[in-house]
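Residue numbering restarts at 1 for every chain, and letters A, B, ... go by the order of the sequence lines. All values below come from the heavy atoms of this structure, side chains included, with hydrogens, waters and symmetry mates left out.
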2 protein chains.
Amino acid sequence: MRSYGQYCGLARALDIVGERWTLLIVRELLMGPRRYTDLHQGLPGIATNLLATRLADLEEAGLLAREDAPPPVATTLYRLTPRGEELRPVIEALGRWARPLMAQGIKGDAFRAEWLTLPAQLYLADREPDRAATVIEVRTGDQPVVIEARDGAIRTRMGSAEDADAVITARPDIALALLLGRIDLPTARARGLKLEGNQRALRRFKPA
Amino acid sequence: MRSYGQYCGLARALDIVGERWTLLIVRELLMGPRRYTDLHQGLPGIATNLLATRLADLEEAGLLAREDAPPPVATTLYRLTPRGEELRPVIEALGRWARPLMAQGIKGDAFRAEWLTLPAQLYLADREPDRAATVIEVRTGDQPVVIEARDGAIRTRMGSAEDADAVITARPDIALALLLGRIDLPTARARGLKLEGNQRALRRFKPA
DNA sequence: CAGCATCCGCTTTGATACTG
DNA sequence: CAGTATCAAAGCGGATGCTG
């Protein structure tokens, strides 16, 4: 554990969460407790030994705790402690700063549908908070995601929606550009996006 | 420039500002334009070649720009671009998260008076916004700092105050603990703190 | 002296293989 | 499934040298 050796809040924070991969591990755990294998799959590119040492460091720093999963599965789960959860505003601030970076397209980068949660929460707002909920399903590759506008808030969850108002199938950067109004529907379609259901559902979402 | 290669805002942000020392350089520049030598002194422990490459990376990423200082000095200044300034909320979020870490005392860490700016802004509030300004000078070692409560806001600046209501001379962790109300004045005095002037001036400040 | 670039020993990281 | 072991490559810290 190398330290900056400075009596400065930023430096001490970075002593704990500033190493490579650490905040990305926290990102994964902010979506709920995970098994080692889940984390490894959610962090493409990380070496397994690094993941193991980071988890040990985070546990020692009091940001996460191991726990035994309930009987049927009987494995180890990693869960953020309250102190670890307190990093959410940090990750949100970085996520907001990153908005222009997401507009640059996916290039050759890896992508997991779970990662849509962050931009959906940070970049989208509900244009019509007083109307009944609008639900869309987004299919970008590995897993479908449900994005829902309800009561002025945006919620996301993994999985399919029986009652989706619309279903988008597209590359993640195209889907995001459409939802954020950076491109219009014809342009998105020209870039391979498929839309089923009621296309008016999209208007429910506006850039935050 | 190593990349995580993930289409995720957090990962892309960390591709740019996640390397060692980078956010600490931004911390320095958030306090105003600096010369190379100022930066080197404000970042105890950084290797000079690392500072040079980080500055080049930050310039290429559009977060800072070099400029020539006005005639009398005639040197190069490094200044954050607007995009670089937008990192302020990120550093503030990390600074807030670090609050318990600052309570752990200075241990053997290096300290610069300028670093008091962050905790003063983030951890202190004005208890009596309607009264005339209260000004205190804090002497912690290298340079004096002025902390001022005025109109409900906390301001800091480097230097001395002619008209200070009180002057504190102490180790930075002791001064901070006193201002934040974590220890009382007798305890602080027992730990070597000296207070001149009106000790009621301290009551103007409360923990944020 | 300010502003780097170069070199060297050490630490961290990444890729892969292996184990209970 | 959940890691540990191994080793090469990259990154870092410190010292020193170069250039205006």
Side-chain angles (χ1 to χ4, degrees), chain A residues 1-6 11 14-25 28-29 32-61 64-79 108-110, chain B residues 1-6 11 14-25 28-29 32-61 64-79 108-110:
Chain A
M1 288 283 278
R2 181 155 45 177
S3 166
Y4 287 107
Q6 299 183 1
L14 292 174
D15 282 344
I16 297 176
V17 300
E19 281 172 310
R20 195 161 164 77
W21 291 108
T22 302
L23 278 179
L24 294 184
I25 293 171
E28 293 294 311
L29 291 174
R34 295 285 129 111
R35 298 178 304 172
Y36 187 91
T37 316
D38 301 330
L39 290 171
H40 194 231
Q41 289 182 358
L43 296 163
I46 197 174
T48 177
N49 57 347
L50 256 200
L51 177 56
T53 60
R54 289 288 180 274
L55 289 172
D57 291 346
L58 284 171
E59 188 178 8
E60 199 186 334
L64 67 78
R66 297 152 178 266
E67 63 184 44
D68 295 332
V73 275
T75 179
T76 312
L77 283 181
Y78 294 89
R79 178 195 298 272
D109 287 354
Chain B
M1 288 283 279
R2 183 157 45 176
S3 166
Y4 287 108
Q6 300 183 0
L14 292 174
D15 282 344
I16 296 176
V17 299
E19 280 172 310
R20 193 162 167 77
W21 292 108
T22 302
L23 278 179
L24 294 184
I25 293 171
E28 294 294 309
L29 292 175
R34 294 286 128 111
R35 298 178 305 171
Y36 187 91
T37 317
D38 300 331
L39 290 171
H40 194 228
Q41 289 182 0
L43 296 164
I46 196 173
T48 176
N49 57 347
L50 256 200
L51 178 55
T53 60
R54 289 288 181 274
L55 290 172
D57 291 347
L58 284 170
E59 189 179 7
E60 199 186 333
L64 67 78
R66 296 152 178 266
E67 63 184 44
D68 295 332
V73 277
T75 178
T76 311
L77 284 181
Y78 296 88
R79 179 195 295 274
D109 287 355

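At whole-Å resolution of the value, NE2 in H40(B) and P in dC1(C) are 15 Å apart. Here the C1' atom of nucleotide dA5(C) and the CG atom of L55(B) are 14 Å apart, to the nearest Å. For the pair R35(A) CZ and dG3(D) P, the interatomic distance rounds to 12 Å; values are reported in whole Å. R2(A) places its CZ atom 13 Å from the P atom of dG11(D), with the value rounded to the nearest Å. To the nearest angstrom, P of dC4(C) lies 13 Å from CG of D57(B). Separating the OH atom of Y4(A) from the P atom of dG13(D) is a distance of 8 Å, rounded to the nearest angstrom. Here the P atom of nucleotide dA15(C) and the CH2 atom of W21(A) are 9 Å apart, to the nearest Å. dA10(D) atom C1' lies 13 Å from atom CG of L50(A), rounded to whole Å.
Using a 4.0 Å heavy-atom criterion, one finds that T37(A) contacts the sugar-phosphate atoms exclusively. If you check every strand for non-hydrogen atoms under 4.0 Å, T48(A) touches a base.
The environment of CD in E60(A) is sparse: at most 12 heavy-atom neighbours from other residues, nucleotides or ligands sit within 6.0 Å.
In this structure, the nucleotide among dT13(C), dC4(C), dG3(C) sitting nearest to the side chain of A52(B) is dC4(C). Distances from the side chain of Y36(B) to the nucleotides dG3(D), dG14(D), dC4(C) place dC4(C) closest.
Dashed line: the shortest gap from a side-chain N or O of R66(B) to OP1 or OP2 of dG3(C) is not under 4.0 Å. Close to dC12(D), at under 4.0 Å from its OP1 or OP2, lies a side-chain N or O of R54(B).
No donor-acceptor pair closer than 3.5 Å links the side chain of Y4(B) to the backbone N or O of R20(A).
The aromatic rings of Y78(A) and Y36(A) sit tilted relative to each other, their planes meeting at an angle between 30° and 60°.
Distance CG/L77(B) to CG/L64(B): 11.5 Å, rounded to 0.5 Å. Separating the CG atom in L24(B) from the CG atom in L29(B) is a distance of 11.0 Å, to the nearest 0.5 Å.
Side-chain atoms of N49(B) and base atoms of dG14(D) include a donor and an acceptor less than 3.5 Å apart.
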